[in-house]
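Written below as structure tokens is the structure these notes are about.
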Amino acid sequence: MQKIVTQTEMYALEHAAVAHGATWEGLMEQAGWGVAQVALARLGDPKGRRVVVLVGPGNNGGDGLVVARHVHDAGAQVALYFWRRQFAPSDANWQRCRTRGLAETMAADDPTQTSLRKLVAEADLVVDALLGMGTSRPVEGPLAAIIATLQPPRRPLVLAIDLPSGVDAGTGAAPGGAVCADLTVATGLPKRGLLLYPGRRLAGTLELAILELPHDYLETTMSDLLRAAEVQPLLPARPPDAHKGSFGKVLVLAGSLHFPGAAYLACAGAARVGAGLVTLAGGRAVLGSAMRLPEATLLPLAEGDWGAVGPGALAELNKALPNYQALVLGPGMGQGEATGEFLQRLLGLETPKSRVRVGFLIDSNSDEATENAAPDLPPTVLDADGLNLLAKIEEWHERLPRERFVFTPHPGEMRRLLGVEQLPADLVATACEAAKRWGQVVVLKGATTIIASPDGRNRIHDGANPALATAGTGDVLAGVIGGLLAQGLAPYDAASLGVFLHGAAAARVRATLGDAGALASDLLPELPRAMLELR
Ligand SMILES: NC(=O)C1=CN([C@@H]2O[C@H](COP(=O)(O)OP(=O)(O)OC[C@H]3O[C@@H](n4cnc5c(N)ncnc54)[C@H](O)[C@@H]3O)[C@@H](O)[C@H]2O)[C@H](O)CC1
Ligand SMILES: [K+]
């Protein structure tokens, strides 16, 4: 399992390591040695290769001095460029570099960066050890000018230690600009900011320098990188004597005249990850979608506006729901008033006021009232317009049954659910706090997707892929998660495996079609292949 940490968690881990007998100097030596091995592997034969190490004022700079020594000792020609670091005899790592006679330039003596530009122009490798986890404010002034000398396109290989200088370790933000590295070697554990944009882009390839950290303490950190090893055991077994009933039934309530394709994509997503049966529920628009997926069965429902379901659909739905192990609710269902009323009643969230508004349907004491009562929902994926409609209902999260839903918002839907103009910078914390408060699994979709459980655990999926940036891919994901819920996975696991498989299918699409022009439906045939590859 690859843990991902915040600054606070990392500093606490380092303190715990020291309490367990490690020393700060020893940790820095381990970190610097590990980074130097990566640097040397990139350099090839170090003889005659030129390396510039940019050394900042803190421990990140200290790591840089350790790297400089090891790379020098391996045979490379190393020059040091200091920004805001004062020599002190207690700076043992600087002292060791002096003993070896490494060239030194002070940024204070190079106000126009003329010397630095020359060093960079002649270098094979620049090591960025200006700032690490300690980055606490936007980069500006001389530091910004130093960073600017590393701008692409013509430059040597740039290796950042721990984080590209200027990237916030917690959020990945780089408000004043930051080093754009070819590779970043995280010390000990990757920091969150390395996985969140723009930090992820600025970091380049991610590598790790191993630090000995106390294992039991490590287990208390809550973020995991979502990787094949973590989700492989979650794949539902396929016993040879299985029948379609073994793999669950998914009801997909989606689509409208405006968005018929969303219904198809969600259904096919569920079927392509192995659900036993998929039923498409909805109005006339859904009938058209079903033509594209002859394997799906159909539950025609009373329509509201524009072919989307209306409040009259509840009675039919109530009868059918007990036969299903999962529900996918929302893709392309529109945000019409009647659909909103339907959703409100389905989720048991109607207020006395709205009860009056749908009074033409029911009298609260009649049999019809029972027929139209909010059903007990199976595990449910709530996506897209389902989320937008939910966001309009007052105090929805206090009244919704807890631990029943997987919410799959993109940032716009997340803003609406939270009722804010702009999402907070720390997306991981935002998703985690929401999951805890709402009592539901939250999948905050983006170039980096965050899967947060109400119990505080979270998984981060490093799966940016421009091929996915096209309409309909979210509908496929909702279906995929629904298909896994129907096969008995717990919501957090269904969401995690679903995000992983969706990302793996997208990687396969990109490998054949490239960055542009893929259709969401191209993901569908790749889903079983992604499962096969994972199994
Ligand atoms: N702690 C350990 O045992 C280990 C840490 N490792 C490395 O240490 C850094 C974190 O070091 P720290 O000294 O806490 O912070 P920095 O080196 O990142 O720099 C802090 C320094 O910079 C100033 N500062 C912050 N932001 C700005 C800014 N935008 N402009 C100007 N100055 C800024 C701040 O005030 C401080 O003075 C960690 O990343 C690792 O690389 C070892 O890896 C392991 C042991
Ligand atoms: K750095």
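By convention here, the first residue in the shown sequence is residue 1.
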For residues 421-441, which residue pairs pass the side chain to side chain donor-acceptor pair (under 3.5 Å) check, not counting sequence neighbours?
R192-D426
Could you go through the side chain to side chain contact (heavy atoms under 4.5 Å, CB included) check for L477 and T449 one step at a time?
CA-CA 12 Å; L477 177 65; T449 292; 5.8 Å; no
I would like to know whether L489 and L497 meet side chain to side chain contact (heavy atoms under 4.5 Å, CB included); could you show each step before the answer?
CA-CA 9 Å; L489 268 71; L497 179 58; 3.8 Å; yes
Heavy-atom closest contact (V273 atom, G483 atom, distance)
CG2-CA, 3.9 Å
Keeping to residues at least two apart or across chains, list the salt bridge (Lys or Arg N to Asp or Glu O under 4.0 Å) pairs with something in residues 466-492.
none
Does any part of the side chain of V406, heavy atoms only, come nearer than 4.5 Å to the side chain of P379, both counted from C-beta?
no
Apply side chain to side chain contact (heavy atoms under 4.5 Å, CB included) to the pair V18 and L27, showing each step before the final yes or no.
CA-CA 9 Å; V18 170; L27 288 172; 4.3 Å; yes
Under 3.5 Å side-chain donor-acceptor pair for H70 and E29
yes
Would you give the length of the straight line joining atom CG of D162 to atom CG of L208, rounded to the nearest 0.5 angstrom?
9.5 Å
Between N60 and I161 (side chain of the first, backbone of the second, donor and acceptor by atom type, cut-off under 3.5 Å), is there such a pair?
yes
Would you find more than 12 non-hydrogen atoms of other residues, nucleotides or ligands less than 6.0 Å from E122 atom CD?
yes
Flag, side chain of E526 to backbone of A506, donor-acceptor distance under 3.5 Å:
no
Taking all heavy atoms of A326 and all of G482, pick out the closest pair and write down the distance.
CB-O, 3.5 Å
How long is the gap from CD on Q7 to CG on L163, to the nearest 0.5 Å?
8.0 Å
Where do I146 and W83 come nearest, in terms of heavy atoms and distance?
CD1-CD1, 3.8 Å
Verdict with reasoning, R459 to S496, per side-chain hydrogen bond (donor to acceptor under 3.5 Å, both in side chains)
CA-CA 7 Å; R459 292 176 173 141; S496 302; 2.6 Å; yes
Residue pair A174 / L202: nearest heavy atoms and the distance that separates them
CB-CD1, 3.9 Å
side-chain contact (heavy atoms from CB on, under 4.5 Å) with L206: of V185, L225, L195, only one passes, and it is L195
Looking at A447, is its backbone amide N or carbonyl O close enough to the side chain of R200 to form a donor-acceptor pair, meaning the two atoms are under 3.5 Å apart?
no
Should Q2 and D224 count as side-chain neighbours, where that means a heavy-atom distance under 4.5 Å?
no
Geometric cation-pi criterion R227 and F500, 6.0 Å radius, 45° cone
no
Got a donor-acceptor contact below 3.5 angstrom from the H502 side chain to the G498 backbone?
no
Note, D182 side chain near T205 side chain (heavy atom, < 4.5 Å)
no
Can you tell me if R272 uses its side chain to pair, donor with acceptor, with the backbone of L527 under 3.5 Å?
no
Verify, without hydrogens or angle tests, whether D385 (side chain) and N388 (backbone) share a donor-acceptor contact under 3.5 angstrom.
no
Under 3.5 Å, is there a donor-acceptor pair between the side chain of Q86 and the main chain of R84?
no
Got a second to check how far L150's CG is from L54's CG, nearest 0.5 Å?
6.0 Å
Measuring only between side-chain heavy atoms, which start at C-beta, is L65 closer than 4.5 Å to R85?
yes
Smallest separation among heavy atoms of P331 and A478, with atom names
CG-CB, 4.2 Å
In terms of side-chain heavy atoms, does E104 have a donor or acceptor partner in W94 at a distance below 3.5 Å?
yes
I'd like to check F405 versus V441 (side-chain heavy atoms, cut-off strictly below 4.5 Å). Are they in contact?
no
Spatial distance of atom CG (L417) from atom CD (E413) [nearest 0.5 Å]
7.5 Å
Check: T408 main-chain N/O paired with K445 side-chain donor or acceptor under 3.5 Å
yes
Does a side chain donor of either D128 or S165 reach within less than 3.5 Å of an acceptor in the other side chain?
yes
Can you tell me if Q151 has over 12 outside heavy atoms packed within less than 6.0 Å of its CD?
yes
Check whether any side-chain heavy atom of L157 sits under 4.5 Å from a side-chain heavy atom of L183, and report yes or no.
yes
Any side-chain heavy-atom pair of T473 and L523 under 4.5 Å
yes
Just how far is it from atom CZ of R42 to atom CG of D124, taken to the nearest 0.5 Å?
14.0 Å
Give, for atom CD of Q77 and atom CG of L102, the distance between the pair rounded to the nearest 0.5 Å.
10.0 Å
Applying the side-chain contact (heavy atoms from CB on, under 4.5 Å) criterion to I460, which one of V428, L427, L226 satisfies it?
V428
Begin from the C-alpha positions of D73 and R100 and carry the test side chain to side chain contact (heavy atoms under 4.5 Å, CB included) through to its verdict.
CA-CA 9 Å; D73 290 353; R100 287 163 170 78; 2.8 Å; yes
Does P190 reach the side chain of V5, with side-chain heavy atoms less than 4.5 Å apart?
no
Does the D522 side chain pair with the main chain of L519, one donor and one acceptor, at a distance under 3.5 Å?
yes
Shortest non-hydrogen separation from V53 to A68 and the atoms involved:
CG2-CB, 3.9 Å
Distance-only donor-acceptor check, side chains Y81 and D110, under 3.5 Å:
yes
Tell me whether S453 contacts the main-chain N or O of G456 through its side chain, where contact means a donor paired with an acceptor under 3.5 Å.
no
